[in-house]
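Notes follow the structure.
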Amino acid sequence: MGSGPSGCYVAQFLAKTWPDSEITVFESLPAPYGLIRYGVAADHQGTKGVVRQFDRLFTRGGIRFAGNVTVGRDIGFARLAASFDVVVLATGLPGDRELDVPRDPRARVVGAGALLRALNGFPHHGLPRTPLGSRVLVVGIGNVALDVLRLLSKDSEAFTGSDIDDELLGQLRPARPAVLDVVARSDASGAKCDAAMLRELIALDGVDIGAPGLGDQDRGPVADLLRTCAVPAREEPGRTRVTFHFGLVPESVTTRDGRTVLTARRRDGGEPVEFVTDSVVTAIGFTHGAAQDDGCPGPDWADDHVYRVGWLSRGPRGTIAENRKHAQRVVRSIVDDFEAGRITAGRPGFAGVADLLACRVVGFRDWQRIEAAEERSARPGRCRRKITDLDRMLALATGAH
């Protein structure tokens, strides 16, 4: 269950180990690839290129893609588990972790994951289509935070070759923010972002970097980069000032005169620090999502032949390459359990659930019709124009459009 990188890698390794096995990959959306399609930033097409090997998995590898199927809604998990010899849950962690501080409900606070998915053309993302403003504050210093900073700082013409949702980008960011503040609990030495991601931000035209409070005791590639690239603020229209503030712990999010105010305090004490901003974007991790979501695996989604992989199993950390390694370890466990007799074969597989699915199942060829339509409608300088309306995706899948 789940056609993101972890789920596809599990299918790939199982097919190599047991080439005659029947493998079905269930996906709640009509489109495959989950984190790669909607989570990896729209301007990182090189990273998204891994889907080409997964395309071969479904077109030549004999693996069934069953899209538009939400387990827990379209079919109960118990019935699914009773029909397959092995069930692997690869649903990821779709929800943004919220700041655990008092918060005024009128404050503009957006989760980084939701923002990146929306700019990636995620269907029915629910993000308000109002500008984030000229002053935006990002909480967090991981790679997701840097994705947000880069996408908000980049000139529109710099998105050539991407599949950014241009319409939504224009609504959320009619102009590049003048000020981007970054608040991180850690010091610069403990920053969890990759230096390569920071270099990408630093290299953008029209971006100035500041890092007040960076001390001689701060070590490591992130601290060294910030130390060498920091420049005084320039009062020039059209430029974006990105300032990194380390060692600050958020205490509250309030409002004042229609603005959003984040109050933080230094880890070593002292007076509180206020940031008056238009929007706060939180990039502090991911969760299972809404508790009432029928498609969210609960503790009862378990049995001897049920396994978990990827972020759902080990938490929201690690690159696609690390998820590949984890998928390989999970498949090794499955094979060991089978050879030891802890799990057995003999269940009907997809045939046991096909007539019970209360939805229109989208196969891989159906998905290819959707993909072809996205590529045909691409604007100049874009690789595709993602379809964000589920009804239209399903109409294309059936050939009705």
Side-chain angles (χ1 to χ4, degrees), residues 1-11 25-40 66-81 84 86-101 103 109-118 120 122-127 139-140 142-145 147-148 192 250 280-320 322-327 329-330 333 359 390:
M1 287 171 46
S3 65
S6 292
C8 285
Y9 278 129
V10 165
V25 178
F26 289 96
E27 167 59 52
S28 61
L29 291 172
Y33 306 141
L35 176 68
I36 304 170
R37 178 171 163 89
Y38 294 116
V40 174
N68 195 44
V69 178
T70 299
V71 177
R73 182 191 65 198
D74 299 313
I75 186 169
F77 174 77
R79 182 54 190 257
L80 183 87
F84 286 84
V86 173
V87 176
V88 181
L89 306 179
T91 54
L93 297 175
D96 283 288
R97 189 163 74 85
E98 296 185 358
L99 277 173
D100 187 20
V101 300
R103 171 179 158 186
V109 181
V110 177
L115 177 60
L116 292 176
R117 284 193 300 274
N120 250 324
F122 189 79
H124 302 246
H125 54 76
L127 207 66
V139 181
N143 286 341
V144 173
D147 279 337
V148 171
K192 298 189 181 303
V280 171
V281 179
T282 56
I284 56 174
F286 298 89
T287 69
H288 289 281
Q292 66 272 22
D293 184 354
D294 292 336
C296 178
D300 58 328
W301 290 28
D303 208 327
D304 291 341
H305 68 304
V306 177
Y307 302 80
R308 297 188 175 211
V309 69
W311 282 13
L312 180 68
S313 170
R314 59 194 182 88
R317 61 187 181 277
T319 62
I320 290 175
E322 289 172 287
N323 283 326
R324 181 183 186 275
K325 292 178 182 177
H326 189 235
R329 290 197 296 271
V330 170
S333 295
C359 58
L390 286 174

Find the distance between [atom1] ([X]) and [atom2] ([Y]) and round it off to the nearest 0.5 Å.
{"X": "Arg97", "Y": "Thr287", "atom1": "CZ", "atom2": "OG1", "answer": "9.0 Å"}
{"X": "His124", "Y": "Leu29", "atom1": "NE2", "atom2": "CG", "answer": "9.5 Å"}
{"X": "Trp301", "Y": "Met1", "atom1": "CH2", "atom2": "CE", "answer": "4.0 Å"}
{"X": "Leu35", "Y": "Phe286", "atom1": "CG", "atom2": "CZ", "answer": "8.5 Å"}
{"X": "Leu390", "Y": "Ser28", "atom1": "CG", "atom2": "OG", "answer": "9.5 Å"}
{"X": "Lys325", "Y": "Tyr9", "atom1": "NZ", "atom2": "OH", "answer": "11.5 Å"}

What's the shortest heavy-atom distance between [X] and [Y], and which atoms?
{"X": "Pro316", "Y": "Leu93", "answer": "CD-CD1, 3.5 Å"}
{"X": "Arg37", "Y": "Ala31", "answer": "NE-CB, 3.6 Å"}
{"X": "Ser6", "Y": "Ala327", "answer": "O-CB, 3.9 Å"}
{"X": "Cys359", "Y": "Val69", "answer": "SG-CG2, 3.8 Å"}
{"X": "His326", "Y": "Arg308", "answer": "CE1-O, 4.2 Å"}
{"X": "Pro32", "Y": "Ser3", "answer": "CA-OG, 3.3 Å"}

Using side-chain heavy atoms (C-beta onward) and a distance below 4.5 Å, is [X] in contact with [Y]?
{"X": "Phe77", "Y": "Leu89", "value": "yes"}
{"X": "Leu99", "Y": "Val109", "value": "no"}
{"X": "Val40", "Y": "Ile320", "value": "yes"}
{"X": "Trp311", "Y": "Asn323", "value": "yes"}

- Message: Tell me whether the count of non-hydrogen atoms from other residues, nucleotides or ligands lying under 6.0 Å of CD in Glu98 goes above 12.
- Response: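 No, because the 6.0 Å sphere around CD of Glu98 holds 12 heavy atoms or fewer from other groups.
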- Query: Just wondering, are more than 12 heavy atoms of other shown residues or ligands nearer than 6.0 Å to CG in Asp300?
  - Reply: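 Correct, the count exceeds 12.
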- Task: Could you pull out all residues at least two apart from Ser333 that satisfy side chain to side chain donor-acceptor pair (under 3.5 Å)?
- Result: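 For Ser333, no residue satisfies side chain to side chain donor-acceptor pair (under 3.5 Å) once neighbours in sequence are set aside.
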- Task: Please list, chain by chain and in numerical order, all residues satisfying side chain to side chain donor-acceptor pair (under 3.5 Å) with Asn143, sequence neighbours excluded.
- Result: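 So Asn143 forms a side chain to side chain donor-acceptor pair (under 3.5 Å) with Asp194.
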- Task: Would you confirm whether Asp96, through its side chain, and Ala114, through its main-chain N or O, come within 3.5 Å as a donor-acceptor pair?
- Result: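 Between the backbone of Ala114 and the side chain of Asp96 there is a qualifying donor-acceptor contact (under 3.5 Å).
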